[in-house]
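One structure is given below, encoded as structure tokens.
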Amino acid sequence: MDMSNIVERSSLMKICFMCDLHLPFCQEALQYDVLKWAVEDVKKKQPDCIAFVGDVTCDGNEKVYEYFIKVMKDTEIPYLYIPGNSDLRCRETKDSIYYNASICKNEINGVTVFAVNDSDINISDEQFYELNSADENSIVFMHHPLESHSEETTAKLLAWRKNHHETMLFYGHLHCSDTSENTISLQAMDPDKSIGESPCITYYNSETKQLI
């Protein structure tokens with residue numbers, strides 16, 4: 001994704017995380033109402049960036065994915081996107097959706113944000129190379145929790161996390177919120193899969209390192 005329209009202003013950034021929306025083909029489904037609410041909210045609160053942490057679609061329908069991208073562009077707010085496992089369920093579209101993800105390393109208002117494409121439960125060597133430059137002020141997001149990857153990727157991630165324990169890490173997939181030191185599990189947007197919680201989006205302040 002072209003991030004050239006992002007202007008560095010300071011080291012303070014407000015980022016909005018969205019994940020696990022699972023849009024079906026039918027636009028009368030409740031998930032589309034949640035997306036409409038989320039768009040209205042970000043337009044009102046004007047975060048510096050929207051980060052979508054995977055599972056836009058429920059089955060990898062490319063028309064649905066294209067609709068989502070148009071909605072994101074129409075917010076006129078810079079956005080980053082990675083697919084999730086649900087987005088790769090269609091054999092005919094999974095490659096195009098996988099490779100349309102945002103680049104891994106992004107600079108926004110002086111904050112480095114890593115969009116890690118782990119939708120196939122693997123993280124490439126190229127992405128690990130980028131991740132090694134993360135510091136205590138960086139933000140990393142991926143779709144799966146650390147230990148839900150392939151055996152090789154999990155081992156590499158755990159070693160990376162040990163050496164980057166101060167880096168903020170966000171992930172989706174589990175459909176429920178949780179916080180463990182600097183690791184955040186994000187609530188799902190999908191009202192059918194929000195386990196014991198309301199569907200929501202999450203705002204984060206990079207200066208205070210707090211959810212807001």
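Sequential numbering from 1 along the given sequence is applied to the chain's residues.
In this structure, H165 NE2 and T183 OG1 are separated by 11.0 Å, a value rounded to the nearest 0.5 Å. Taking CG of L88 as the start and NZ of K94 as the end, the distance is 7.5 Å to the nearest 0.5 Å. If you take CD1 on I139 and NZ on K209, they are separated by 9.0 Å, rounding to the nearest 0.5 Å. Taking CD from E130 and OG1 from T112, the interatomic distance works out to 10.0 Å, rounded to the nearest 0.5 Å. Distance check, rounded to the nearest 0.5 Å: CD1 of I108 to CD1 of I15 gives 6.0 Å. Rounding to the nearest 0.5 Å gives a distance of 13.0 Å between CG of N61 and CZ of R89.
Checked by atom type and distance alone, the side chain of D20 never pairs as donor or acceptor with a backbone atom of H175 at under 3.5 Å. In terms of modelled atom types and a separation under 3.5 Å, the side chain of N100 and the main chain of I97 share no donor-acceptor contact. Using modelled atom types, no side-chain atom of D87 and backbone atom of G60 make a donor-acceptor pair closer than 3.5 Å. A side-chain donor-acceptor contact under 3.5 Å links D48 to the backbone of K14. With hydrogens and angles ignored, the 3.5 Å screen pairs no side-chain donor or acceptor of N182 with any backbone N or O of S180.
Side-chain atoms of D55 and H22 include a donor-acceptor pair closer than 3.5 Å. Looking at S119 and N117, their side chains do bring a donor and an acceptor atom within 3.5 Å of each other. Side chain to side chain, H173 and N85 meet the donor-acceptor criterion of an N or O pair below 3.5 Å. No donor-acceptor contact under 3.5 angstrom links the side chains of H144 and H149, judged on distance only. Checked by atom type, the side-chain pair S133/K105 shows a donor-acceptor distance below 3.5 Å.
Residues F25 and Y67 have side chains not in contact (no heavy-atom distance under 4.5 Å, counting atoms from C-beta outward). Within the 4.5 Å cutoff, no side-chain heavy atoms of T93 are placed close to those of Y65. Using a 4.5 Å cut-off on side-chain heavy atoms (C-beta onward), P24 and Y32 make contact. Side-chain atoms of V42 and C16, non-hydrogen and from C-beta on, do get closer than 4.5 Å to each other.
Every pair passing side-chain hydrogen bond (donor to acceptor under 3.5 Å, both in side chains) that includes a residue from residues 35-47 is listed here, sequence neighbours excluded: D41-K45, D41-Y203. Among residue pairs with one or both ends in residues 132-154, those qualifying as salt bridge (charged side-chain N to carboxylate O under 4.0 Å, His left out) are E152-K156; sequence neighbours excluded. Identified under the salt bridge (charged side-chain N to carboxylate O under 4.0 Å, His left out) test for residues 159-171, with sequence neighbours left out: none.
Under a 4.5 Å side-chain heavy-atom criterion applied to ILVMFWY residues, the cluster that includes L131 comprises F114, V116, I123, F128, V140, M142, L146, L157, L158, W160, L169, Y171, L174 as well. Hydrophobic cluster membership for I121: none, as no Ile, Leu, Val, Met, Phe, Trp or Tyr side chain comes under 4.5 Å of it.
Partners of Q187 under the side chain to side chain contact (heavy atoms under 4.5 Å, CB included) rule, at least two apart in sequence or in another chain, are S177, E197, C200. Partners of D192 according to the side chain to side chain donor-acceptor pair (under 3.5 Å) rule, which considers only residues two or more places apart in sequence or in another chain, are Q31. The side chain to side chain contact (heavy atoms under 4.5 Å, CB included) search around A38 returns M18, M189, I201, not counting sequence neighbours. Partners of K70 under the side chain to side chain contact (heavy atoms under 4.5 Å, CB included) rule, at least two apart in sequence or in another chain, are D74. A search for side chain to side chain donor-acceptor pair (under 3.5 Å) contacts involving T75 returns nothing, not counting sequence neighbours. Not counting sequence neighbours, the partners of N122 by the side chain to side chain contact (heavy atoms under 4.5 Å, CB included) test are D120, S150, T153. E62 pairs by the side chain to side chain donor-acceptor pair (under 3.5 Å) definition with S96, not counting sequence neighbours.
Under the 4.5 Å side-chain heavy-atom criterion for grouping Ile, Leu, Val, Met, Phe, Trp and Tyr, F170 is not connected to I195 through any hydrophobic cluster. Clustering ILVMFWY residues whenever any of their side-chain heavy atoms sit less than 4.5 angstrom apart, transitively, puts L35 in a cluster other than the one holding L30.
Residue L80 comes nearest to S102 through the heavy atom pair CA-OG, 3.3 Å, listed as atom of the first residue, atom of the second, then distance. Residues C19 and G172 share a closest heavy-atom pair of SG-CA, 4.1 Å. Smallest separation of non-hydrogen atoms from S206 and Y204: CA-CE2, 3.7 Å. Smallest separation of non-hydrogen atoms from C49 and M13: CB-SD, 4.5 Å. Across S185 and C176, no two heavy atoms sit closer than the pair OG-O, 2.6 Å.
The aromatic rings of F52 and F68 sit perpendicular to each other, their planes meeting at more than 60°, with 30° as the lower class boundary. Taking the six-membered ring where tryptophan is involved, the planes of F141 and F17 are perpendicular, since the angle between them exceeds 60° and thus also 30°.
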What verdict does the side-chain contact (heavy atoms from CB on, under 4.5 Å) test give for N132 and H164, after you've listed the backbone C-alpha separation in whole Å, the side-chain angles of each residue and the deciding distance to 0.1 Å? CA-CA 8 Å; N132 282 331; H164 297 81; 4.1 Å; yes

For side-chain contact (heavy atoms from CB on, under 4.5 Å), just list the numbers for L21 and V34, CA-CA rounded to whole Å, side-chain angles, deciding distance to a tenth of an Å, and then say yes or no. CA-CA 8 Å; L21 181 56; V34 175; 4.3 Å; yes

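The environment of CD in E92 is crowded: more than 12 heavy-atom neighbours from other residues, nucleotides or ligands sit within 6.0 Å.
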